[in-house]
Amino acid sequence: MDTAMLYALRDPLGIPAHPLIFLILGVATWALHIAAVHVLLGSSVLAIRGALSKDDHWRRLADAMVNTAKVAVSVAIVIGVAPLLFVQVIYDPFWYTSNVLSAWWVIGFIFILIVATLALFIFYALNHGLRTHKTRCPGSMILAVLLFLVVGFIMHALSVQMLEPDQWKEWYAPNGVIDASGRSIHAFDPWRFGFFIALSIPVIGIWLFGYRRYLQGRHEAGTGYLDFLKRMGTRLGAVGTLVALVLLVGWMRGLPEDIAGFATGIWPIAAAAALIVAAAFPVLLGRRLDRGLWGYTPILVATVAMIVIATMREAVRWVTLSGVHGYNPLDYKITMDWYSTGLFFLTFGVLGGAVVTYLLTVAWQAGQTEGTYTPSRAVNRIGTAGIVLLLLWIAQYFGFGLWTAYA
(Lines give C-alpha, C1' and ligand atoms only; values in the text may rest on other atoms or scores of the structure.)
Protein backbone atom coordinates (compact mmCIF):
# COMPACT_ATOMS: atom_id res chain seq x y z
CA MET A 1 0.00 0.00 0.00
CA ASP A 2 1.15 3.53 -0.76
CA THR A 3 2.80 5.23 2.23
CA ALA A 4 0.73 8.38 1.70
CA MET A 5 -2.43 6.32 2.09
CA LEU A 6 -1.19 4.92 5.40
CA TYR A 7 -0.56 8.44 6.68
CA ALA A 8 -4.00 9.53 5.45
CA LEU A 9 -5.59 6.85 7.68
CA ARG A 10 -4.18 8.51 10.79
CA ASP A 11 -6.38 10.42 13.23
CA PRO A 12 -6.38 14.01 11.89
CA LEU A 13 -6.63 15.36 15.46
CA GLY A 14 -3.26 13.84 16.33
CA ILE A 15 -2.30 12.26 19.64
CA PRO A 16 -2.25 13.83 23.15
CA ALA A 17 1.48 13.40 23.91
CA HIS A 18 4.76 12.46 22.24
CA PRO A 19 4.43 9.10 20.43
CA LEU A 20 7.62 7.81 22.08
CA ILE A 21 5.71 7.72 25.39
CA PHE A 22 3.07 5.45 23.89
CA LEU A 23 5.72 3.31 22.23
CA ILE A 24 7.58 2.69 25.50
CA LEU A 25 4.40 2.15 27.52
CA GLY A 26 3.12 -0.25 24.88
CA VAL A 27 6.23 -2.42 25.18
CA ALA A 28 6.29 -2.34 29.00
CA THR A 29 2.61 -3.12 29.50
CA TRP A 30 2.63 -5.86 26.85
CA ALA A 31 5.55 -7.51 28.64
CA LEU A 32 3.59 -7.54 31.91
CA HIS A 33 0.46 -8.76 30.15
CA ILE A 34 2.16 -11.63 28.35
CA ALA A 35 3.96 -12.64 31.56
CA ALA A 36 0.55 -12.94 33.26
CA VAL A 37 -0.70 -14.96 30.28
CA HIS A 38 2.27 -17.31 30.61
CA VAL A 39 1.58 -17.81 34.31
CA LEU A 40 -2.09 -18.45 33.48
CA LEU A 41 -1.35 -21.05 30.82
CA GLY A 42 1.46 -22.69 32.77
CA SER A 43 -0.45 -22.93 36.05
CA SER A 44 -3.57 -24.20 34.26
CA VAL A 45 -1.67 -27.02 32.57
CA LEU A 46 0.05 -27.95 35.84
CA ALA A 47 -3.35 -27.92 37.55
CA ILE A 48 -4.70 -30.37 34.97
CA ARG A 49 -1.62 -32.58 35.24
CA GLY A 50 -1.81 -32.65 39.01
CA ALA A 51 -5.58 -33.10 39.15
CA LEU A 52 -5.29 -36.24 37.01
CA SER A 53 -2.50 -37.68 39.18
CA LYS A 54 -2.67 -39.72 42.36
CA ASP A 55 0.71 -38.51 43.61
CA ASP A 56 0.40 -36.37 46.75
CA HIS A 57 2.96 -33.77 45.57
CA TRP A 58 1.26 -33.35 42.23
CA ARG A 59 -2.18 -33.00 43.76
CA ARG A 60 -0.90 -30.42 46.22
CA LEU A 61 0.68 -28.52 43.36
CA ALA A 62 -2.58 -28.72 41.39
CA ASP A 63 -4.46 -27.21 44.31
CA ALA A 64 -2.05 -24.27 44.43
CA MET A 65 -1.94 -23.80 40.66
CA VAL A 66 -5.74 -23.56 40.36
CA ASN A 67 -5.63 -20.59 42.73
CA THR A 68 -2.73 -19.12 40.76
CA ALA A 69 -4.62 -19.45 37.47
CA LYS A 70 -7.69 -17.82 39.02
CA VAL A 71 -5.69 -14.69 39.85
CA ALA A 72 -3.54 -14.77 36.69
CA VAL A 73 -6.55 -14.65 34.35
CA SER A 74 -7.79 -11.48 36.05
CA VAL A 75 -4.36 -9.85 35.92
CA ALA A 76 -3.87 -10.84 32.26
CA ILE A 77 -7.23 -9.36 31.23
CA VAL A 78 -6.84 -6.11 33.17
CA ILE A 79 -3.25 -5.42 32.12
CA GLY A 80 -4.01 -6.56 28.57
CA VAL A 81 -6.20 -3.52 28.03
CA ALA A 82 -3.20 -1.16 28.24
CA PRO A 83 -1.07 -2.41 25.31
CA LEU A 84 -4.21 -2.59 23.15
CA LEU A 85 -4.88 1.08 23.85
CA PHE A 86 -1.30 2.12 23.18
CA VAL A 87 -1.03 0.25 19.87
CA GLN A 88 -4.29 1.87 18.74
CA VAL A 89 -2.84 5.32 19.37
CA ILE A 90 0.29 5.25 17.19
CA TYR A 91 -0.46 2.30 14.90
CA ASP A 92 -4.15 3.03 14.29
CA PRO A 93 -4.06 2.69 10.47
CA PHE A 94 -2.70 -0.84 10.83
CA TRP A 95 -4.50 -2.11 13.93
CA TYR A 96 -7.98 -0.93 12.97
CA THR A 97 -7.65 -2.23 9.41
CA SER A 98 -6.55 -5.63 10.67
CA ASN A 99 -9.51 -5.69 13.07
CA VAL A 100 -12.02 -4.77 10.36
CA LEU A 101 -10.67 -7.45 8.02
CA SER A 102 -11.29 -10.08 10.72
CA ALA A 103 -14.13 -8.36 12.56
CA TRP A 104 -16.05 -11.58 13.21
CA TRP A 105 -13.07 -12.98 15.13
CA VAL A 106 -12.50 -9.72 17.01
CA ILE A 107 -16.06 -9.78 18.32
CA GLY A 108 -15.88 -13.51 18.93
CA PHE A 109 -12.72 -12.97 20.97
CA ILE A 110 -14.77 -11.46 23.80
CA PHE A 111 -17.28 -14.31 23.94
CA ILE A 112 -14.61 -17.00 23.73
CA LEU A 113 -12.65 -15.34 26.53
CA ILE A 114 -15.79 -15.17 28.69
CA VAL A 115 -16.49 -18.88 28.18
CA ALA A 116 -12.84 -19.77 28.88
CA THR A 117 -12.83 -17.78 32.12
CA LEU A 118 -16.14 -19.31 33.22
CA ALA A 119 -14.79 -22.79 32.53
CA LEU A 120 -11.74 -22.04 34.69
CA PHE A 121 -13.89 -20.77 37.55
CA ILE A 122 -16.22 -23.77 37.28
CA PHE A 123 -13.24 -26.06 37.81
CA TYR A 124 -12.06 -23.88 40.69
CA ALA A 125 -15.51 -23.92 42.34
CA LEU A 126 -15.83 -27.71 42.06
CA ASN A 127 -12.34 -28.56 43.27
CA HIS A 128 -11.53 -27.00 46.62
CA GLY A 129 -8.91 -29.14 48.32
CA LEU A 130 -7.58 -31.21 45.42
CA ARG A 131 -4.96 -32.67 47.72
CA THR A 132 -7.54 -34.66 49.67
CA HIS A 133 -10.63 -34.71 47.43
CA LYS A 134 -11.42 -36.45 44.16
CA THR A 135 -11.07 -34.33 41.02
CA ARG A 136 -14.37 -33.19 39.58
CA CYS A 137 -15.02 -32.07 36.00
CA PRO A 138 -11.39 -31.84 34.76
CA GLY A 139 -12.81 -31.27 31.27
CA SER A 140 -13.77 -27.72 32.23
CA MET A 141 -10.13 -26.83 32.89
CA ILE A 142 -9.00 -28.51 29.69
CA LEU A 143 -11.65 -26.56 27.79
CA ALA A 144 -10.46 -23.33 29.45
CA VAL A 145 -6.87 -23.89 28.29
CA LEU A 146 -7.94 -24.70 24.73
CA LEU A 147 -10.11 -21.58 24.54
CA PHE A 148 -7.35 -19.40 26.02
CA LEU A 149 -5.14 -20.65 23.19
CA VAL A 150 -7.85 -19.70 20.68
CA VAL A 151 -8.12 -16.12 21.96
CA GLY A 152 -4.33 -15.89 21.98
CA PHE A 153 -4.26 -17.05 18.38
CA ILE A 154 -6.81 -14.39 17.41
CA MET A 155 -4.63 -11.64 18.89
CA HIS A 156 -1.62 -13.18 17.19
CA ALA A 157 -3.34 -13.17 13.79
CA LEU A 158 -4.43 -9.54 14.16
CA SER A 159 -0.86 -8.55 15.04
CA VAL A 160 0.52 -10.36 11.98
CA GLN A 161 -2.14 -8.98 9.61
CA MET A 162 -1.34 -5.40 10.57
CA LEU A 163 2.22 -5.95 9.31
CA GLU A 164 1.11 -6.72 5.75
CA PRO A 165 -0.65 -3.61 4.37
CA ASP A 166 0.31 -4.61 0.83
CA GLN A 167 -2.11 -7.55 1.18
CA TRP A 168 -5.10 -5.65 2.58
CA LYS A 169 -6.79 -4.94 -0.76
CA GLU A 170 -6.54 -8.57 -1.83
CA TRP A 171 -7.91 -9.77 1.50
CA TYR A 172 -10.82 -7.33 1.35
CA ALA A 173 -11.62 -7.95 -2.32
CA PRO A 174 -10.17 -11.30 -3.41
CA ASN A 175 -10.17 -11.54 -7.20
CA GLY A 176 -11.97 -8.19 -7.29
CA VAL A 177 -15.00 -9.43 -5.32
CA ILE A 178 -15.58 -7.51 -2.08
CA ASP A 179 -15.85 -9.64 1.06
CA ALA A 180 -16.95 -7.43 3.94
CA SER A 181 -17.99 -10.31 6.21
CA GLY A 182 -14.85 -10.19 8.38
CA ARG A 183 -15.08 -13.95 8.85
CA SER A 184 -11.57 -14.83 7.69
CA ILE A 185 -8.21 -15.06 9.42
CA HIS A 186 -5.89 -13.90 6.64
CA ALA A 187 -2.37 -14.32 8.03
CA PHE A 188 -0.56 -16.01 10.90
CA ASP A 189 2.89 -17.35 11.72
CA PRO A 190 2.89 -20.70 13.58
CA TRP A 191 6.53 -20.29 14.60
CA ARG A 192 5.90 -16.88 16.14
CA PHE A 193 2.71 -18.02 17.87
CA GLY A 194 4.41 -21.19 19.10
CA PHE A 195 7.34 -19.21 20.49
CA PHE A 196 5.19 -16.96 22.66
CA ILE A 197 3.05 -19.87 23.87
CA ALA A 198 6.11 -22.02 24.62
CA LEU A 199 7.46 -19.28 26.88
CA SER A 200 4.77 -20.40 29.34
CA ILE A 201 6.91 -23.44 30.16
CA PRO A 202 10.03 -21.66 31.49
CA VAL A 203 7.95 -18.84 33.01
CA ILE A 204 5.83 -21.17 35.14
CA GLY A 205 8.99 -23.08 36.04
CA ILE A 206 10.51 -19.86 37.38
CA TRP A 207 7.22 -19.03 39.10
CA LEU A 208 7.50 -22.30 41.04
CA PHE A 209 10.71 -21.04 42.66
CA GLY A 210 8.83 -18.04 44.04
CA TYR A 211 6.01 -20.29 45.25
CA ARG A 212 8.59 -22.56 46.90
CA ARG A 213 10.22 -19.63 48.72
CA TYR A 214 6.80 -18.49 49.91
CA LEU A 215 6.15 -21.89 51.49
CA GLN A 216 9.58 -21.85 53.11
CA GLY A 217 8.81 -18.54 54.81
CA ARG A 218 5.56 -19.89 56.25
CA HIS A 219 7.08 -23.27 57.15
CA GLU A 220 4.11 -24.96 55.50
CA ALA A 221 5.89 -27.59 53.44
CA GLY A 222 8.08 -30.58 54.13
CA THR A 223 11.48 -31.09 52.53
CA GLY A 224 10.06 -33.61 50.08
CA TYR A 225 7.57 -31.17 48.56
CA LEU A 226 10.13 -28.36 48.42
CA ASP A 227 12.57 -30.64 46.60
CA PHE A 228 9.77 -31.64 44.22
CA LEU A 229 9.09 -27.97 43.41
CA LYS A 230 12.79 -27.28 42.88
CA ARG A 231 13.13 -30.21 40.47
CA MET A 232 10.01 -29.21 38.60
CA GLY A 233 11.08 -25.57 38.34
CA THR A 234 14.55 -26.47 37.09
CA ARG A 235 13.24 -29.00 34.59
CA LEU A 236 10.54 -26.73 33.20
CA GLY A 237 13.00 -23.85 32.91
CA ALA A 238 15.53 -25.92 30.97
CA VAL A 239 13.12 -27.79 28.68
CA GLY A 240 10.91 -24.76 28.08
CA THR A 241 13.87 -22.56 27.18
CA LEU A 242 15.14 -25.12 24.68
CA VAL A 243 11.71 -25.44 23.04
CA ALA A 244 11.26 -21.66 22.93
CA LEU A 245 14.70 -21.12 21.38
CA VAL A 246 13.97 -23.66 18.62
CA LEU A 247 10.70 -21.87 17.84
CA LEU A 248 12.45 -18.49 17.92
CA VAL A 249 14.92 -19.71 15.31
CA GLY A 250 12.01 -20.92 13.19
CA TRP A 251 10.31 -17.54 13.50
CA MET A 252 13.45 -15.65 12.54
CA ARG A 253 14.18 -17.94 9.58
CA GLY A 254 10.68 -17.34 8.27
CA LEU A 255 10.83 -13.54 8.31
CA PRO A 256 9.99 -11.85 5.00
CA GLU A 257 12.92 -11.20 2.70
CA ASP A 258 12.53 -7.46 3.21
CA ILE A 259 13.56 -7.79 6.87
CA ALA A 260 15.50 -11.08 6.79
CA GLY A 261 18.57 -9.28 8.15
CA PHE A 262 16.75 -8.70 11.43
CA ALA A 263 17.26 -12.37 12.32
CA THR A 264 20.99 -11.88 12.78
CA GLY A 265 20.71 -8.52 14.53
CA ILE A 266 21.07 -7.59 18.17
CA TRP A 267 17.47 -8.06 19.31
CA PRO A 268 16.97 -11.80 18.63
CA ILE A 269 20.35 -12.48 20.22
CA ALA A 270 19.47 -10.32 23.24
CA ALA A 271 16.09 -12.06 23.60
CA ALA A 272 17.67 -15.52 23.46
CA ALA A 273 20.37 -14.51 25.94
CA ALA A 274 17.83 -13.00 28.35
CA LEU A 275 15.74 -16.17 28.22
CA ILE A 276 18.75 -18.40 28.90
CA VAL A 277 19.87 -16.21 31.81
CA ALA A 278 16.37 -16.25 33.33
CA ALA A 279 16.16 -20.04 33.16
CA ALA A 280 19.69 -20.55 34.51
CA PHE A 281 19.49 -17.95 37.26
CA PRO A 282 17.82 -20.16 39.93
CA VAL A 283 20.54 -22.75 39.41
CA LEU A 284 23.27 -20.11 39.63
CA LEU A 285 21.88 -18.87 42.95
CA GLY A 286 22.59 -22.20 44.60
CA ARG A 287 21.87 -22.14 48.33
CA ARG A 288 20.99 -18.45 48.27
CA LEU A 289 17.73 -19.55 46.66
CA ASP A 290 16.56 -20.45 50.18
CA ARG A 291 17.56 -17.17 51.84
CA GLY A 292 15.41 -14.07 52.24
CA LEU A 293 14.48 -12.21 49.10
CA TRP A 294 16.88 -14.23 46.96
CA GLY A 295 14.19 -16.85 46.43
CA TYR A 296 12.05 -14.30 44.61
CA THR A 297 14.76 -12.79 42.41
CA PRO A 298 14.29 -15.39 39.62
CA ILE A 299 10.85 -13.85 39.02
CA LEU A 300 12.43 -10.39 38.78
CA VAL A 301 15.05 -11.64 36.30
CA ALA A 302 12.32 -13.35 34.27
CA THR A 303 10.36 -10.07 34.18
CA VAL A 304 13.41 -8.29 32.74
CA ALA A 305 13.74 -11.08 30.18
CA MET A 306 10.11 -10.58 29.15
CA ILE A 307 10.74 -6.86 28.65
CA VAL A 308 13.68 -7.69 26.37
CA ILE A 309 11.52 -10.14 24.41
CA ALA A 310 8.73 -7.56 24.19
CA THR A 311 11.23 -5.03 22.85
CA MET A 312 12.34 -7.53 20.20
CA ARG A 313 8.68 -8.02 19.20
CA GLU A 314 8.26 -4.27 18.86
CA ALA A 315 11.50 -4.05 16.87
CA VAL A 316 10.08 -6.55 14.35
CA ARG A 317 7.03 -4.32 13.93
CA TRP A 318 9.21 -1.21 13.63
CA VAL A 319 11.52 -2.55 10.92
CA THR A 320 8.50 -3.89 9.01
CA LEU A 321 6.30 -0.81 9.07
CA SER A 322 9.05 1.79 8.99
CA GLY A 323 11.75 0.08 6.96
CA VAL A 324 9.52 -1.65 4.42
CA HIS A 325 6.39 0.49 4.25
CA GLY A 326 7.86 3.88 5.17
CA TYR A 327 5.59 4.50 8.17
CA ASN A 328 7.19 6.30 11.10
CA PRO A 329 5.02 6.36 14.25
CA LEU A 330 7.28 8.96 15.86
CA ASP A 331 6.26 11.69 13.41
CA TYR A 332 2.59 11.51 14.41
CA LYS A 333 0.96 14.93 14.83
CA ILE A 334 0.91 15.96 18.51
CA THR A 335 -1.99 17.86 20.03
CA MET A 336 -0.69 18.11 23.57
CA ASP A 337 -3.19 17.35 26.32
CA TRP A 338 -1.47 17.98 29.62
CA TYR A 339 -4.47 17.04 31.73
CA SER A 340 -4.97 13.51 30.37
CA THR A 341 -1.22 12.86 30.21
CA GLY A 342 -0.64 14.09 33.75
CA LEU A 343 -3.67 12.17 35.01
CA PHE A 344 -2.35 8.96 33.51
CA PHE A 345 1.04 9.21 35.19
CA LEU A 346 -0.47 10.28 38.50
CA THR A 347 -2.87 7.35 38.35
CA PHE A 348 -0.09 4.98 37.41
CA GLY A 349 2.50 6.30 39.86
CA VAL A 350 0.50 7.46 42.89
CA LEU A 351 -2.73 5.46 42.94
CA GLY A 352 -1.23 2.38 41.32
CA GLY A 353 1.90 2.69 43.45
CA ALA A 354 -0.07 2.81 46.70
CA VAL A 355 -2.24 -0.19 45.79
CA VAL A 356 0.62 -2.31 44.46
CA THR A 357 2.77 -1.43 47.49
CA TYR A 358 -0.02 -2.58 49.80
CA LEU A 359 -0.57 -5.85 47.93
CA LEU A 360 3.13 -6.69 47.71
CA THR A 361 3.68 -5.82 51.38
CA VAL A 362 0.80 -8.03 52.49
CA ALA A 363 1.95 -10.88 50.22
CA TRP A 364 5.54 -10.64 51.46
CA GLN A 365 4.72 -10.42 55.15
CA ALA A 366 2.12 -13.19 54.90
CA GLY A 367 4.78 -15.33 53.28
CA GLN A 368 7.08 -14.79 56.27
CA THR A 369 4.44 -15.49 58.94
CA GLU A 370 3.48 -18.83 60.40
CA GLY A 371 -0.26 -19.30 60.93
CA THR A 372 -2.72 -16.45 60.46
CA TYR A 373 -1.25 -13.18 59.25
CA THR A 374 -2.55 -9.89 60.69
CA PRO A 375 -1.39 -6.69 58.95
CA SER A 376 0.24 -4.03 61.12
CA ARG A 377 -1.23 -0.57 61.60
CA ALA A 378 1.28 0.88 59.12
CA VAL A 379 0.31 -1.65 56.46
CA ASN A 380 -3.38 -0.92 57.03
CA ARG A 381 -2.65 2.78 56.53
CA ILE A 382 -1.18 2.03 53.09
CA GLY A 383 -4.34 0.12 52.18
CA THR A 384 -6.55 2.94 53.44
CA ALA A 385 -4.51 5.44 51.45
CA GLY A 386 -5.11 3.39 48.31
CA ILE A 387 -8.88 3.43 48.90
CA VAL A 388 -8.91 7.20 49.58
CA LEU A 389 -6.87 7.88 46.43
CA LEU A 390 -9.25 5.75 44.39
CA LEU A 391 -12.26 7.69 45.70
CA LEU A 392 -10.52 10.99 44.90
CA TRP A 393 -9.77 9.71 41.40
CA ILE A 394 -13.43 8.81 40.84
CA ALA A 395 -14.53 12.22 42.17
CA GLN A 396 -12.19 14.15 39.84
CA TYR A 397 -13.21 11.97 36.90
CA PHE A 398 -16.89 12.80 37.21
CA GLY A 399 -16.19 16.34 38.42
CA PHE A 400 -14.03 17.21 35.43
CA GLY A 401 -16.53 15.58 33.08
CA LEU A 402 -19.44 17.62 34.48
CA TRP A 403 -17.36 20.82 34.43
CA THR A 404 -16.42 20.18 30.77
CA ALA A 405 -20.02 19.45 29.81
CA TYR A 406 -21.66 22.41 31.53
CA ALA A 407 -18.95 25.09 31.85
Side-chain angles (χ1 to χ4, degrees), residues 10-37 39 71-92 95-96 293 296 299-300 302-304 306-308 310-311 313-314 317-318 329-366 375-407:
R10 281 178 166 181
D11 186 344
L13 295 179
I15 56 178
H18 196 284
L20 184 60
I21 295 176
F22 297 102
L23 188 68
I24 294 173
L25 289 174
V27 171
T29 54
W30 187 87
L32 297 176
H33 161 69
I34 201 64
V37 170
V39 172
V71 175
V73 68
S74 301
V75 174
I77 292 172
V78 172
I79 298 181
V81 174
L84 278 178
L85 293 176
F86 294 133
V87 76
Q88 290 173 39
V89 173
I90 58 175
Y91 292 116
D92 49 331
W95 182 250
Y96 286 124
L293 288 171
Y296 296 100
I299 296 178
L300 178 62
T303 301
V304 174
M306 292 311 304
I307 293 175
V308 174
T311 305
R313 172 181 175 271
E314 182 60 38
R317 179 157 55 195
W318 180 277
L330 296 185
D331 64 8
Y332 214 121
K333 175 185 174 182
I334 301 173
T335 304
M336 195 66 200
D337 185 343
W338 291 104
Y339 177 79
S340 64
T341 303
L343 179 62
F344 169 80
F345 284 105
L346 283 173
T347 303
F348 186 80
V350 180
L351 176 57
V355 174
V356 171
T357 298
Y358 174 74
L359 294 175
L360 290 178
T361 301
V362 169
W364 166 251
Q365 292 188 354
S376 66
R377 184 175 298 178
V379 174
N380 283 329
R381 286 199 189 103
I382 299 175
T384 302
I387 295 173
V388 171
L389 288 170
L390 177 59
L391 293 175
L392 290 174
W393 191 96
I394 294 173
Q396 70 79 32
Y397 176 83
F398 285 102
F400 185 78
L402 292 172
W403 179 79
T404 303
Y406 296 105

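Side chains included, hydrogens not; waters and symmetry mates left out as well; all remaining heavy atoms used.
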If you measure from OG1 on Thr29 to CD1 on Ile24, what distance do you get to the nearest 0.5 Å?
11.5 Å
With Arg10 via salt bridge (charged side-chain N to carboxylate O under 4.0 Å, His left out) - residues at least two apart
Asp331
Looking at Ala72 and Val39, what are the two nearest heavy atoms and their distance?
CB-CG1, 4.1 Å
Listing, residues 83-90 side-chain donor-acceptor contacts under 3.5 Å, not counting sequence neighbours, or none:
{"from": "Gln88", "atom 1": "OE1", "to": "Tyr96", "atom 2": "OH", "distance (Å)": "2.9"}
{"from": "Gln88", "atom 1": "NE2", "to": "Leu84", "atom 2": "O", "distance (Å)": "3.2"}

Looking at every heavy atom in both Pro16 and Phe22, which two are closest together, and how far apart are they?
CG-CZ, 3.9 Å
Answer whether the closest heavy-atom distance between the side chains of Leu25 and Phe348 falls below 4.5 Å.
no
Test side chain to side chain contact (heavy atoms under 4.5 Å, CB included), reference Leu390, set Ile387, Ile394, Val388, output is Ile394
Spatial distance of atom CG (Asp337) from atom CG (Leu13) [nearest 0.5 Å]
11.5 Å
In this structure, which one of Phe344, Phe345, Tyr339 forms a side chain to side chain contact (heavy atoms under 4.5 Å, CB included) with Thr341?
Phe345
What closest approach, in Å, do Leu23 and Glu314 show between heavy atoms, and which atom pair accounts for it?
CD1-OE2, 3.3 Å
Taking the six-membered ring for Trp, are Phe400 and Trp403 parallel (under 30°), tilted (30 to 60°) or perpendicular (over 60°)?
tilted
Which atom names give the shortest non-hydrogen contact between Gly386 and Val355, and what distance separates them?
CA-CG2, 4.3 Å
Less than 4.5 Å apart, side chain to side chain, heavy atoms only: is that true for Asp11 and Ile15?
no
Please report the closest heavy-atom contact between Ala35 and Met306, naming both atoms and the distance.
CB-CG, 4.3 Å
Donor-acceptor pair, Gln396 side chain versus Trp393 backbone, under 3.5 Å?
yes
Student check: side-chain heavy atoms of Arg317 and Tyr91 closer than 4.5 Å:
yes
Derivation of the side-chain contact (heavy atoms from CB on, under 4.5 Å) call for Tyr397 and Thr347:
CA-CA 11 Å; Tyr397 176 83; Thr347 303; over 6 Å; no
Any chance you could measure Ile382, atom CD1, to Leu359, atom CG, to the nearest 0.5 Å?
10.5 Å
Those residues that, when tested against Tyr358, pass side chain to side chain donor-acceptor pair (under 3.5 Å) (two or more places apart)
none
Give the minimum heavy-atom separation between Trp30 and Ala310, together with the two atoms involved.
CE3-CB, 3.5 Å
